[in-house]
Each structure stands twice: as structure tokens, then as C-alpha cells.
Peer 1: 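Following this message is one structure expressed as C-alpha cells.
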Amino acid sequence: MPGPSPGLCRALLGLWAALGLGLFGLSAVAQEPFWADLQPRVALVERGGSLWLNCSTNCPRPERGGLETSLRRNGTQRGLRWLARQLVDIREPETQPVCFFRCARRTLQARGLIRTFQRPDRVELVPLPAWQPVGENFTLSCRVPGAGPRGSLTLTLLRGAQELIRRSFAGEPPRARGAVLTATVLARREDHGANFSCRAELDLRPHGLGLFSNSSAPRELRTFALSPDPPRLAVPRLLEVGSERPVSCTLDELFPASEAGVYLALGDHRLSPDITLEGDALVATATATANEEQEGPRQLVCNVTLGDESRESRENVTVYSFPAPVLTLSEPSTPEGKVVTVTCAAGSGALVTLDGIPAVVPGQPAQLQLNATEDDDRRSFFCDAILEVDGETLSKNKSAELRVLYAPRLDDSDCPRSWTWPEGPEQMLRCEARGNPAPSVHCERPDSGAVLALGLLGPITRALAGTYRCTAVNVQGQAVKEVTLTVEYAPSLDSMGCPEHITWLEGTEVSLSCVAHGVPPPSVSCVRSGEAEVVKGLLHVVREHAGTYRCEATNARGSATKNVAVSVEYGPSFEELSCPSNWTWVEGSGQLFSCEVDGKPEPSVECIGSEGTSEGILLPLASPDSSPRVPSITSELAPGIYICNATNRHGSMVKTVAVSTESPPQMDESTCPSHQTWLEGAEAAGLACAARGRPSPQVRCSREGVPRPQRLRVSREDAGTYRCLATNMHGTDARTVTVGVEYRPVVAELAASPPGGVRPGGNFTLTCRAEAWPPAQISWRAPPGALNIGLSSNNSTLTVAGAMGSHGGEYECAATNAHGRHARRIIVRVAGPWLWVAVGGAAGGAALLAAGAGLAFYVQSTACKKGEYNVQEAESSGEAVCLNGAGGGTGGGTGAEGGTEAAGTAEAQAGGEVFAIQLTSA
């Protein structure tokens, strides 16, 4: 490949050269070695505060340096390449100090920026109006002078704790200071008494300083609402001098009514009203009084002021003077027959009238004359005066009374000749006399001198009744009159005139009468309880007349009632139901004979035996009132005929009573034994239970638990507990009976142990088990010559230790009780040593045959489930035949001790079974 051309190489070298020169120039500029620095470069200082500025350079040997600023300086510290100066009382919103050094004929400069802030120490809310009408707008204006910078200020107007408006001044120039926030608010009723305030917040947290806040003092707003209508006045049109009249002034739709001011005046005289508030309504009431100086037309003014507004009303009032007329009598108190002059006069302008007769002209008096009589005493004379005021006619009057003196007079209207008073309540007795002066009246009984207490309130008693002489006296004379006093009182029924209890005798004639006391005399009537007919006249007494009668006495003053109990007495009489002619006494019941006899008074009854075993015996009787006065009959009662005699004061009666005795069922050990025994297989019969009693009881017995099945003969399952119940018409008696079933003995098991072969000299055991009730007695029969036989305590086990040939033979076990005997047998055969010699001399084939026979014997013997064996001698076949039941197989063979014996011949006559066991010698 060919190399680059020389022209291209030259172009590349020129490019690298240009780049190198450019980079060298840039490096010289960027690596200017000298500079000036001012720290802090930007600072925010609280207005009036101080600040240290550090001006420094890296010029090794600056010619000179300094810090240019318009702020006040307090101290300076200087080094070779630095200058530190403290600026104090910094108040300018913004200033830029300059740090400079002269180095190598160059001036090095560094400019800083210092700004001041002022906390919102003064937060002013422009005063609110003293009163602000509801529904109109008012202005809230908040000023925070000097605080800044304004761009960090936030102003908030508040109603209580509620923010109304909030404004942030962010974005304002940094040099701006102070702020004003103005808002227009609609006044409401709820704003009355509310506090308004302004909160200023200067947030310098972005500059590393805190949040400065302050609030203005709260200003209370007072709102009001005043109706455009004037107050309503309630005043009299006319007002008399010296009189008092109420006036009132009312204004509605007033808020707050408690802040309203009320001015109430009559002419130039201010009144003192009482103010009453009812919601938004105000009522001012006062008493208006006029004097003579105010006579004529006047105005009543009511002015209600609230906030800076007021409402006013005026009413015209005419003040007038109208004195009362004067009425005079020439003799206010005069004797009868004398002439009296009466004069009526009034002030000027008033027209007077005396007893309806007017004066001739207004301003003149009116007169009249009269000759005084008794009828003129306490006569009233009237003087009327009329006056016209402001088109309205007013009137006043005056009255006077004439007293005429005259002698007493006792009229029937004031002191009646006959008085009638009810007894009991307090009354005031009056006997009044006419006369002037007022006469005194005295009433006295001529016979006893008793005096009536006239004019005093007191109780009326029967003792006051009688005739009295009443005398009326005054200075003009006296009058006398006789009066009669009658005291009426309600009827009374006492025990003398109407006793509570009356006794009549049956068959007599009587009348029911009650005498009552009372004024006026009462009428008396008696009615039997539950009936309406009044009892009158003579009655022929029967028992049905007995009962309670209600007697009532009646007069004009009331009534009295009394219950009279009438008893009718009669002689004794017997009734079959209450005293039966035939009575049965039940033994043990304690019952007494009840013989109740009808009679009044209650008869006494006695019953005495008249014949037989009861002769002369007193029959105890039950008490009629069921009280235990007579003891019950605890022993036997003699039956027979008794004569009962009933007696009272009106006679006696006799009755014959036949008495018989019976008894309830009774069972005991003698009639129904508690333990009874039956024999199994016997004919089935009932329990032997009977009961005593009259009439004869019926006895029924039943087994408890499982019912006894019906059988012809007794079974062991019939044993158990039976309950027998005896019953007759007088009751029941029960008894529990235990039934036991006895049965004949049966030898249930006769077995030998061990079940295998026994060698001579070995041991064997025979066990016999029998079933019987009562339990059977076990006995054994062994072969003759058998020695060393052991028996257990109850003979159920026979033991032989060291068996010999004499132990071979037939063994019998017998079980015996009161109901019979049962036996079973077992045969034991024992062989001597010669047997083994004969066997040993046999040929080898015989040994093999013996081994096979031994194996067959083992197999057959193990097949016997009940351990029953036929024992044969060893020289025979050596075969053991299993016997099942009573002699089921043959056991033929010739024994050493005897010949062949059939198994059946070994059984007892009672049905015993034969058992055999093979014994082999050692």
C-alpha cells in the first residue's frame, strides 16, 4: 500500500499547530492567579442589627485594599491580605458593599449584597365604626408599617378565630417594606360584639431564619338594626292635675334592644320609664303626673336612640283641674222629726246636681230640705258635678249619709218568733233590732235564766231548745219579744229502744218493733236482709224468721240504721243424714260417731249401749265443732244397739243407733311369710299369703321386675321378689315376699387330672362338681385297699400321691341333699413292672408296632374333649378309647387286676357316668 502524500502530511501538521496555540491561550486566561473575595457574599440582617464582613485576597503583597460601603462602621481588623470590618445599625433595605485590593497594577474587586428585614412589631387594625347598621358594608383595613421585605409578608383579617381574607405579598420588590390589607365586610346581626383582628406573618424560613408573626389588638364591632317606623305611644288624651296616669312607648324590630336609649317626657318634665324587652321589641312604661303650672295643652315625647340613629313620636295631652264637689248636711245625726238641710256645691264652671235636681246655672250650689223620719236613717244623698274639657264631658260625685235617732224595733224579719236549727253544726244565732243608736239585744229563758249567745258562732245542742224573752234597748227606748227555739236532730237507735239481738221461740206470736229518738219524730221500718218487704204486725214464729233485719229510722234531719239479729230457738230433732240409724266403725281409723242434732240452743247428745256386749257402754261422739275435745277410739269398739238422747231447754228426743265394726286389710309373718321356698319340678302354685280384715280382703301377688311366666311346674327361674297386695273397701296392705326354689343334686362334672398317662408312683386328682339347692354333701367311694387318699375341705377333690396298684379300680362321687342323691363313677386301672419286661422282649417289629400304636393312642386321646378315658393294661393293644356320654364305646381287654368290664356296668343306679384313665409304670 502506498504511504500518505507529502501535501496531506503538511496539512495535518498545520492543524495540530493551530490547535496547540489555541489551547495555550485558553490556559493562560483560565489560570489568572489573583482574586478578591468578600464573605458573606449575601447576608440578611434584621433592621438596626450589625454584621462582620471579611474581605480577603490571594495577592502575595497587595499594594492597598479596603471595603467600600455607606453603612456605619464600628471596628476594623486588618492583616496583610485580609480586612474584617463590623457594620452596625444597618437600616438600608438593600446595600452592596465592595471589597477591593490593588495588586500588580490591577484592581481586584468582590461585591456583596446585604438586605435587611424588619419584624411585624406593629400590626394596626384601623378603628371600626362605633355602630354599624346591619345589612350595610364596612371596611376592615390592616396596616403593618416597616415590616419586610414585603415579599415575605402575609396578612390575614379575622373575625374571632375565623379567617375572612388572607393575602400573601410574594413577588414584591426586595426593597419594598410595610403592607396594607383592606376588605369590605357586610355587617350581620351575629357580628354584634364580635372581635375583629389582623395577623401578620413574616416568613424568612427560606433564608434560614424563622417565621415571625404578630397580631393586632382586637376591635369589637357593634351592629344594630332600627325599624324605620316611629315608636307607638299609648297616652291619655286628658290628664288631671295631681292625678297619675300610665303612659307607654313601644318600638319593634330593634336590635340589640338592650343597647337602646329611651327619652320620655311630658312637656319639659322628663319621666323615668321602666324598660321591658321582649325579643326585638322594647316597651317603656312610666307614670305621668301633672301640676297646676302645667295646666293646658302639652306634648308627650318618646325618643328611642340606637347607634347613631333615633326614632321619635309625639302625642298631645291636655292637663286640666277639676276639684271634687262638696256635700254638706245641716245635721248629720238628728232625732226623728227634725228638719235637715242638704247643700251640694262645686268649683266655677262646674254644673252640680243634688239627688237628680240640677242647679240653676253652673257655679251655683243646689239645696233640699226634709223632715227626718225613721225611713231616712242611713239615707244617702248624692252630689254630681259636670265639667266640659277639650270637648269631653267629665263628672265627679260625692255622697253623704244621714243618721236619724229612734227607739228599738224588733221585726219578725230580723228576729223571728220561731227558730228551728239543726243539731250539730256551728251556727250564729241572730236576733237583731232596728234602732239608732244600735240597740243591744238580750234573750233569756224565763224558767231557767239561760241566756242565748247572740251573734256568736257556736254548736247547736238539744239543751238550747225552749222559749226565750228577747229585749232590745237603746237611749231612745226598748222593745220586748218572745221567741221559741226548736233544735232538730237526726234519728238514733239505741240498745234500749232497739236491741241488737232478739230471741224468739218457734210457734209463738211476736212483733218486730224498734223505737227511735229524734226531732221531728222519726218513722221506723224493718226489712229482712235480702228482701224488700217491710215487716209489719204480729208474726207466727217459724225457724225461717231467724236472720238479720235492717231497721231504718228517718226524719227530716237524716236517718239511722241498725242491724237486728233475730234468733229462733226450738227443741231437739234428729235427722238421718246427720245422725244415721246404722253406723259402721272401722278398726284403727280413730273415727268417732257423728250424731248432730238440730236444735237451738244446741242440744247435748249422749249415746249409751242398751243390749248385748254394748250394754251400759258410752259411745264416744264426734264434736260438732271438729275440736279434739273427745279422744279418738284407740281400742276395739263394742258393736250393738245404742240409745242416743238429745236435750236442750226446750225439750228432748231419743233415737236408736245400730253399730257394727269392720277393719282394713292386715298381713304379717303369720299370714304371709316373707320368705317362702318352692321345689323345682313340683306342681306350680300361688304364694301362701292371706290377710285379715272385714270384709275379707282380696290378695294379689306379682313378681317384681320381670313378670313370672305361666308354667305347670316350678322352675328355678321362678325365684325372686314378689309383692303381695291385700285390698278391701277400707284400704290396702302390702308385703314383700322372697321366693327361693330348691332342686335335687346332680353331679355335673367328674374329671381326672392330669389328663395324660400316669406312671406308677405318680400323682393324680379326681374333681367332683355338683349342682343342688340347698348345697349338696359330697362323698366318695374308693376301691378297697386304696390308702393315702386326701380330700379337700368340702370333699369336692380327691388326691392320690404315689399311685400304686391298689389305687386302681372304680371311684364313685355322690351328691346328697334333702331332696335326693346323685352319683357318678370313674375307673382307674394301675399295672405292675412285669408289663415293661414283656414289652422289652418283643421283636423289633413289635417295637415298631408299639410306636405306631403309641402314635395312634396320642391322636385319639387328644381328640377327647372332656378328658374322659378308658384305662386298659399295657399288654393289650395299648389303645385308649374316648368315651362320650354314658358308656358310648367299648373298652374291652384283660386287665392285670381283673377281667373284662363294660363301661356301662360302672354307672350308679342314679344315672352316673364312667370315666377311665390309662396309667403307665416307670
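Position 1 is the first residue of the sequence; numbering continues from there.
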Peer 1: Does CD belonging to E500 count more than 12 external heavy atoms closer than 6.0 Å?
Peer 2: yes
Peer 1: Flag yes if more than 12 heavy atoms outside R550 fall under 6.0 Å of its CZ atom; otherwise flag no.
Peer 2: no
Peer 1: Nearest 0.5 Å, what's the NE2-OG1 distance between H675 and T738?
Peer 2: 4.5 Å
Peer 1: Should the heavy atoms of other residues, nucleotides or ligands under 6.0 Å from CG of L538 be counted, would the total exceed 12?
Peer 2: yes
Peer 1: Classify the ring geometry of F764 against H807: parallel below 30°, tilted from 30° to 60°, perpendicular beyond 60°.
Peer 2: perpendicular
Peer 1: For W773, I'd like to know if atom CH2 has over 12 heavy atoms of other residues, nucleotides or ligands within 6.0 Å.
Peer 2: no
Peer 1: Measure across A646 and V597 and return the closest heavy-atom pair with its distance rounded to 0.1 Å.
Peer 2: CB-CG1, 3.6 Å
Peer 1: Are the charged groups of E576 and K655 less than 4.0 angstrom apart, N to O?
Peer 2: yes
Peer 1: Ignoring hydrogens and geometry, is there a side-chain-to-backbone donor-acceptor pair from N795 to C768 under 3.5 Å?
Peer 2: no
Peer 1: Give every residue pair that meets the side-chain hydrogen bond (donor to acceptor under 3.5 Å, both in side chains) criterion with at least one member in residues 777-788, sequence neighbours excluded.
Peer 2: R781-E810
Peer 1: Any non-hydrogen side-chain atom of M729 less than 4.5 Å from a side-chain atom of P695?
Peer 2: yes
Peer 1: Give a yes/no on whether the SG-to-SG distance for C514 versus C526 is below 2.5 Å.
Peer 2: no
Peer 1: Below 4.5 Å, heavy atoms only, C-beta onward: do T765 and N763 meet side chain to side chain?
Peer 2: no
Peer 1: Hey, which of D733, T671, D668 is the one that makes side chain to side chain donor-acceptor pair (under 3.5 Å) with R692?
Peer 2: D668
Peer 1: Donor-acceptor pair, distance only, cut-off 3.5 Å: does the side chain of H822 make one with the backbone of V747?
Peer 2: yes
Peer 1: When you measure from the SG of C701 to the SG of C689, is the result less than 2.5 Å?
Peer 2: no
Peer 1: Please examine the side chains of N645 and I643, heavy atoms only from C-beta on, and report whether any two atoms are closer than 4.5 Å.
Peer 2: no
Peer 1: Specify the closest pair of heavy atoms between A776 and P745, including all atoms of both residues, with the distance to one decimal.
Peer 2: CB-CB, 3.9 Å
Peer 1: Testing the basics here: between A690 and M667, what is the closest heavy-atom pair and its distance to 0.1 Å?
Peer 2: O-CG, 3.5 Å
Peer 1: Please step through side-chain contact (heavy atoms from CB on, under 4.5 Å) for the pair V739 and L687, ending with a clear verdict.
Peer 2: CA-CA 9 Å; V739 173; L687 286 174; 3.4 Å; yes
Peer 1: Is there a donor-acceptor pair under 3.5 Å between the side chain of R694 and the backbone N or O of E662?
Peer 2: no
Peer 1: So L787 and S806, side-chain contact (heavy atoms from CB on, under 4.5 Å) or not? Walk me through it.
Peer 2: CA-CA 8 Å; L787 301 178; S806 61; 5.7 Å; no
Peer 1: Between K536 and S525, is there a side-chain heavy-atom distance shorter than 4.5 Å?
Peer 2: no
Peer 1: Will you find, in the side chains of Y570 and D598, an N or O donor that is under 3.5 Å from an N or O acceptor?
Peer 2: yes
Peer 1: Once you round to the nearest 0.5 Å, how far does CZ of R703 lie from CD of E717?
Peer 2: 8.5 Å
Peer 1: What is the distance from atom OG1 of T767 to atom CD of E749, rounded to the nearest 0.5 Å?
Peer 2: 7.0 Å
Peer 1: Quick one: closest heavy-atom pair of P603 and P572, and the distance?
Peer 2: CG-CB, 3.8 Å
Peer 1: If you draw a 6.0 Å radius around CZ in R543, do more than 12 non-hydrogen atoms from other residues or ligands fall strictly inside?
Peer 2: yes
Peer 1: Please walk me through it: do L618 and E606 pass side-chain contact (heavy atoms from CB on, under 4.5 Å)?
Peer 2: CA-CA 8 Å; L618 186 65; E606 187 178 57; 3.4 Å; yes
Peer 1: Whether E680 and R711 form a salt bridge (side-chain N of Lys/Arg under 4.0 Å from carboxylate O of Asp/Glu) is what I want to check.
Peer 2: no
Peer 1: Nearest heavy-atom pair of L637 and T661: which atoms, and what distance?
Peer 2: O-CG2, 3.3 Å
Peer 1: Can you tell me how far OG1 of T508 sits from CD of E569, rounded to the nearest 0.5 angstrom?
Peer 2: 10.5 Å
Peer 1: For W504 and Y549, take the angle between the two ring planes, folded into 0 to 90°, and tell me which bin it lands in: parallel under 30, tilted 30 to 60, perpendicular over 60.
Peer 2: tilted
Peer 1: Hey, does T736 have a side-chain heavy atom less than 4.5 Å from the side chain of T721?
Peer 2: yes
Peer 1: Assess whether side-chain hydrogen bond (donor to acceptor under 3.5 Å, both in side chains) is satisfied between T584 and S660, documenting all intermediate values.
Peer 2: CA-CA 5 Å; T584 300; S660 60; 3.0 Å; yes
Peer 1: For a side-chain contact (heavy atoms from CB on, under 4.5 Å) check, start with the C-alpha distance between I617 and L619, then their side-chain angles and the critical distance, and finish with the verdict.
Peer 2: CA-CA 6 Å; I617 296 177; L619 180 63; over 6 Å; no
Peer 1: With a 3.5 Å distance limit and no angle check, can you tell me whether K562 reaches the backbone of C498 through a side-chain donor-acceptor pair?
Peer 2: yes
Peer 1: Going by the angle between their ring planes, with limits at 30° and 60°, are W583 and F593 parallel, tilted or perpendicular?
Peer 2: tilted
Peer 1: So, S529 side chain and T548 main chain: donor-acceptor pair closer than 3.5 Å or not?
Peer 2: yes
Peer 1: To the nearest 0.5 Å, what is the distance between CD1 (I641) and CD (E615)?
Peer 2: 12.0 Å
Peer 1: Could you check if a side-chain atom of L621 sits within less than 4.5 angstrom of a side-chain atom of L592, using non-hydrogen atoms only?
Peer 2: no
Peer 1: Which atom names give the shortest non-hydrogen contact between I778 and A815, and what distance separates them?
Peer 2: CD1-CB, 4.0 Å
Peer 1: What distance separates N563 CG from H501 NE2, expressed to the nearest 0.5 Å?
Peer 2: 10.5 Å
Peer 1: Got a salt bridge between R735 and E669, using NZ or NE/NH1/NH2 to carboxylate O under 4.0 Å?
Peer 2: yes
Peer 1: Scan C607, C595, C579 and name whichever one has a disulfide (SG to SG under 2.5 Å) with C644.
Peer 2: C607
